[in-house]
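Shown next, in structure tokens, is the structure this report addresses.
Sequence lines set the chain letters: A, B, ... in the order given, protein chains first and strands last, and positions in each chain run from 1.
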There are 2 protein chains.
Amino acid sequence: MYRINFSDFFTSAFSVDCMLFGYSQGQIKALLIKRAMEPYNNFWAIPGDLVYPDEDLDEAANRILKDLTGLTDVGLHQAQSFGHPKRHPQGRVVTVSYFALVRIEDFNAKASSWADEISWVPIHDIPVLAFDHNLIMATTIELLKQKLHVEPICFDMLPDRFTLSEFQQLYEYAYNQSLDKANFRKKIKHIPLLAHDEKQQMVKHRPAKLFSFSHTEYINKQGLKDYQFKM
Amino acid sequence: MYRINFSDFFTSAFSVDCMLFGYSQGQIKALLIKRAMEPYNNFWAIPGDLVYPDEDLDEAANRILKDLTGLTDVGLHQAQSFGHPKRHPQGRVVTVSYFALVRIEDFNAKASSWADEISWVPIHDIPVLAFDHNLIMATTIELLKQKLHVEPICFDMLPDRFTLSEFQQLYEYAYNQSLDKANFRKKIKHIPLLAHDEKQQMVKHRPAKLFSFSHTEYINKQGLKDYQFKM
DNA sequence: TAAATAATTGTCGAAAATACAATAATTAAT
DNA sequence: ATTAATTATTGTATTTTCGACAATTATTTA
């Protein structure tokens, strides 16, 4: 085995890639940016940046999120790290991937210094991406799907007030399978949803009732047992 | 916002911390090492090491695992990364934590260059550790518990041939709750366990039948549906 | 007013979960 | 050899959930 000096280890950089997922028109979408610099100029990519030497990983992820969306206080989930020595052409860069779930309509995502153009792309139609970003994206989408089964994070993507059908369609899209309406409603009976008097507007059929989800209610009612969102 | 040169980003190091979990005497245990060097000399810690500049993360985790146990071909699970700027007193070191499940009896864990002494410690009794290792350990144990619900990884810790009671007790210890024997056996009916003719030896009561788990059988019988290990 | 559309609720048999009881096999003590 | 002790293993009965499907309701548009 070879030996190198202690200081020779301190020659790497790390980056944070921050995937944003949202839900619109019945599809879960990821925010991609078109790179405006080398390497991989003009490729679609996951938004990300190098982490400053005195910055925590979560901090960097929040910074990127804010640059893109103006949003703060969004729940960030760390996904995985990727460290193949050759994954970045300009040096050793290990990346830590994060994801956050947002309401697409709540803000205007804007291109930033490193990006030309941005786009919300359905997670089932991701194009070829820069670097190893297809691997990162696929891995993170899998993790998202796992978490959707176990934690009430879907509500971070749904509008503040949503119909039960919208709720159901989110799961149908995520797992690419259709679900029985009546049975879906039975399965979610234990989730404390707040029913509003208000109804859907502007639809050309019987309007659905609107519901919302309260995280604090959820914590209170849950007790020690954890909910299931296995659909 | 401040600006620094591109090259100033390449001043960090990476480490991999590799948690080993095993099961013996009814307890899930983690392998800890007593550090034999500064910083945190003489503290208990999670085994880990810096990653070489041209080494992949998984490769480094496998190397550490082999140094400690001589084992190769053990399934490694990446857990999380920790990157607080001050987490290491000697420089910026971001660490990626992994865990692996092993059969404690299958090998003799040996101290290595960086360790004096090693010890298998029940995961419910972890002492104060070096660096931010208590945070890493706690986070990783949570992840382990989650995965035990969803993937058939418990069998990597159980002996090659095990009794159903041992199997059950693993879950009882993990989630710190007792389970009904009869109902446990019904819940695991769908798992393709191979029953042996052989029975327990040297016990002072009715000996239990021995079972084993075949990963390939599991994959075959499973089809597309994923098993549940929610106990 | 009727047709169309989607929301909402109900039914019923099958399957799974839960609580608890009964039986079987083995060792150790008498 | 008999019995108590201990743990393995199987069974039963009740309740709850699942899954497929049918029926009903509210609203818009033709």
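As a whole-Å value, the separation of A:Leu164 CG from C:dA7 P is 9 Å. Atom CZ of A:Phe184 is separated from atom P of C:dT9 by 14 Å (rounded to the nearest Å). Here the C1' atom of nucleotide D:dA8 and the CD atom of B:Glu166 are 13 Å apart, to the nearest Å. A straight line from CD of A:Gln168 to C1' of C:dT8 spans 12 Å, rounded to a whole angstrom. As rounded to whole Å, 17 Å separates atom P of C:dT23 from atom NZ of B:Lys181. One can place CD of B:Gln177 at 14 Å from C1' of C:dA17, the figure rounded to the nearest angstrom. Protein atom CD of B:Gln200 is 13 Å distant from nucleotide atom C1' of D:dT9, rounded to whole Å. Between B:Asp180 atom CG and D:dT12 atom C1' there is a gap of 13 Å when expressed in whole angstrom units.
Taking only side-chain atoms of B:Lys204, from C-beta outward, the nucleotide of C:dC20, C:dT27, D:dA20 with the closest atom is C:dT27. The side chain of B:Pro207 lies closest to C:dT26, out of C:dT26, D:dG11, C:dT8. Here the side chain of B:His205 is nearest to one of D:dT6, D:dT27, D:dT9, namely D:dT6. Among the nucleotides C:dA19, C:dG10, D:dA20, the one closest to the side chain of B:Asn183 is C:dA19. Checked against C:dT26, C:dT9, D:dT9, the side chain of B:Arg185 finds its nearest nucleotide in D:dT9. Each of C:dT5, C:dC20, D:dT9 was ranked by its minimum atom distance to the side chain of B:Ala208; first place goes to D:dT9.
In this model, the phosphate group of C:dT8 is not approached by any side-chain N or O of A:Arg206 to a distance below 4.0 Å at OP1 or OP2. For D:dT10, neither phosphate oxygen OP1 nor OP2 lies less than 4.0 angstrom from any side-chain nitrogen or oxygen of B:Lys186. Put simply, A:Lys187 has a side-chain N or O that comes within less than 4.0 Å of OP1 or OP2 on D:dG19.
In this structure, OG in A:Ser212 is found 11.0 Å from CG in A:Leu158, a value given to the nearest 0.5 Å. Remark: A:Thr72 OG1 to A:Lys66 NZ distance equals 7.0 Å, nearest 0.5 Å. How far NZ of B:Lys209 is from OG1 of B:Thr163: 12.5 Å, rounded to the nearest 0.5 Å.
Remark: the B:Lys209 side chain and the D:dT10 base include no donor-acceptor N/O pair separated by less than 3.5 Å.
Counting all heavy atoms, side chain and backbone alike, B:Glu151 lies closest to B:His77 at OE1-CE1, 4.3 Å.
Among the protein residues, A:Ser165 comes within range of the sugar-phosphate backbone only, with heavy atoms under 4.0 Å from sugar or phosphate atoms but none that close to a base. Nucleic acid contact class of A:Lys199 (heavy atoms, under 4.0 Å, all strands): sugar-phosphate only.
Here the side chain of A:His133 pairs a donor or acceptor atom with the backbone of A:Ile46 at under 3.5 angstrom.
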